[in-house]
Amino acid sequence: MARESRDVFKQPSAGTVTLDEPPPGVGRGASSRTFFGHPVGLSTLFFTEMWERFSYYGIRPLLVLFMTAALAQGGFGFERNTASSIVGIYAACVYLASLPGGWIADRLLGLRRAIWYGGILIALGHLSIALSIVFARSAFFIGLIFIVLGTGLLKPNISAIVGDLYPEGGSRRDAGFSIFYMGINIGALVAPLITGILGERVGWHLGFGAAGVGMLIGLITYRLRADKTLGDIGVVPASTDPAEHRRVKMSALIGVGVIALLVILTMSGVIHINPVSLAEKMSVVMLALALLYFIYLFVLGGLTAEEKKRVVVIILLFVFATIFWAAFEQAPTSLNLFARDYTNRVVFGWEMPTLWLQAANSVFVIALAPVFAWLWISLGRRGRDPSSVAKFAWGLFFAGLGFVVMWQASNVVIANGGSIRVSPWWLVWSYFFQTIGELSLSPVGLSSMTKLAPFKFKGQMMGVWFMASAIGNLKRRCLSSLRRWCADCSSSRCGG
Ligand code: GLN
């Protein structure tokens with residue numbers, strides 16, 4: 001794949017100079033220094049993604065609190081159900097946008113420019129949200145749309161470039177992704193601590209603004225370091241056909257036009273969106289979209305027999321990942337409520353905030369990611385590196401173990417008629433096992449997508465990967481719409 005990637009740079013239409021081959025993982029014109037023994041380009045991607053995730057996880061928990069806060073407290077005064085549906089739709093759209101974002105990078109912009117434009121859009125989105133608190137409510141939702149579009153361009157493509165740093169593939173690439181994943185979680189850990197204090201205690205706009213500042217730092221980091229450390233990696237898109245570029249530009253413009261029209265019609269009250277029912281329908285639509293996409297890939301993707309085989313493995317991993325995220329993404333919802341209602345959070349006579357228990361996952365990821373990086377490399381050296389499917393199976397097993405722990409904890413609560421609060425260690429152990437599952441599956445999944453993706457579909461395959469997260473984020477809504485459908489079926493269609 002990397003061989004092909006370097007060949008693209010040699011095409012005259014790419015307008016590149018012919019230099020000596022750089023060492024593996026170092027683009028032409030990049031420094032050959034290293035970062036924890038890995039190509040130095042990893043540091044640029046690590047810090048850019050760390051700040052992007054800081055901005056994402058900085059506002060996600062704040063959104064529900066802000067939207068449900070009373071008008072007098074500066075919030076929107078929305079119902080809890082409406083607010084959490086909006087957050088569910090937002091989180092799902094953020095990951096869903098990875099599919100067109102990856103496609104645009106493959107076919108038009110190239111990974112590097114896609115990341116840059118994505119970062120700009122995200123920063124503008126945060127700015128719009130921070131200003132909306134002071135000026136106009138509509139700017140809040142427009143800001144969220146900007147973040148969705150920007151993350152769609154940035155998230156899949158920055159992950160795809162990490163793969164390009166390891167043309168040799170193998171366990172070193174998995175290890176590189178484990179380090180990259182640590183950056184993600186440093187951002188995810190610090191963000192709510194800062195934006196929570198600023199947003200909840202000082203002023204909403206400060207919390208949202210701080211997340212925006214984080215994205216700005218990420219953008220500057222990327223701008224200053226990308227050329228020096230990545231050289232020409234990800235500069236040229238997989239397709240250099242001008243006719244295809246025109247088609248993609250046109251489709252992107254139509255897409256943006258449709259979104260703008262929907263925003264105008266909604267803001268002027270011509271169409272009314274019910275977030276609760278939209279969230280339910282979306283999950284089903286997304287499953288259908290994923291299915292259609294895979295059919296398109298097989299029928300019209302122009303894949304070779306070998307590439308088709310690899311796409312079959314991608315589909316298998318996609319199914320595993322969807323199940324995993326559907327369980328894992330319960331952390332901010334049902335496990336969070338368990339922490340609030342049934343967990344004794346008093347430490348030395350002081351009750352810690354519910355949200356603090358959420359940090360356990362990121363703490364464990366940061367502590368364990370280097371262990372996993374080491375584990376994959378040392379198993380690889382002995383020729384005993386497990387396959388990605390085996391690692392995924394372990395991921396699901398450990399996620400399941402995390403829920404067995406919570407099943408026990410719930411039994412204790414139920415046995416006491418719901419009148420006691422259990423030790424926080426139940427949740428901590430559950431997060432510990434879930435994190436082991438996450439580290440066996442998530443960075444490995446990112447890495448596998450870069451290995452298995454047909455060359456022309458690198459960005460898009462990363463989009464497919466994040467689509468599993470999108471569906472996982474809406475699974476509760478999916479289940480409740482299925483339940484309602486079954487209830488309708490048994491009462492009316494099937495005669496009760
Ligand atoms: N926590 C990881 C991130 O934010 C994985 C998220 C996901 O794919 N659901 O990138």
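Residue indices begin at 1 and follow the sequence shown. Atoms within a ligand are numbered from 1 in the order they appear, just like the ligands themselves.
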Engineer: Identify whether the distance between the nearest side-chain nitrogen and carboxylate oxygen of D385 and K391 falls below 4.0 Å.
Structural biologist: yes

Engineer: Could you tell me if R172 sits above the aromatic ring of F177, with its cationic atom closer than 6.0 Å to the ring centre and no more than 45 degrees from the axis?
Structural biologist: no

Engineer: Grab the two heavy atoms, one from A105 and one from P237, that are nearest each other, plus how far apart they are.
Structural biologist: O-CB, 3.7 Å

Engineer: R53 versus ligand 1: do any nitrogen or oxygen atoms come within less than 3.5 Å of each other?
Structural biologist: yes

Engineer: Indicate yes or no: does an N/O atom of Y57 lie under 3.5 Å from an N/O atom of ligand 1?
Structural biologist: yes

Engineer: Contact between ligand 1 and Y95 is defined here as a heavy atom of the residue under 4.0 Å from a ligand atom; is it met?
Structural biologist: yes

Engineer: State the atoms of ligand 1, each with its element, that fall below the 4.0 Å cut-off from a heavy-atom position in E329.
Structural biologist: 9 (N)

Engineer: Do R112 and D164 sit within salt-bridge range, that is, some charged N less than 4.0 Å from a carboxylate O?
Structural biologist: no

Engineer: Could you see which bit of W325 sits under 4.0 Å from ligand 1, with heavy atoms only: side chain, backbone, both or neither?
Structural biologist: side chain

Engineer: Does ligand 1 have a heavy atom under 4.0 Å from the side chain of Y181, from its backbone, from both, or from neither?
Structural biologist: side chain

Engineer: With heavy atoms of K155 as the reference, note each atom of ligand 1 found under 4.0 Å away.
Structural biologist: 3 (C), 10 (O)

Engineer: Would you say S469 and ligand 1 have an N/O pair spaced under 3.5 Å apart?
Structural biologist: yes

Engineer: Ring centroids only, cut at 6.0 angstrom: are Y181 and F372 within range, meaning strictly under it?
Structural biologist: no

Engineer: Please state whether the rings of F76 and F140 are parallel, tilted or perpendicular, taking 30° and 60° as the class boundaries.
Structural biologist: perpendicular

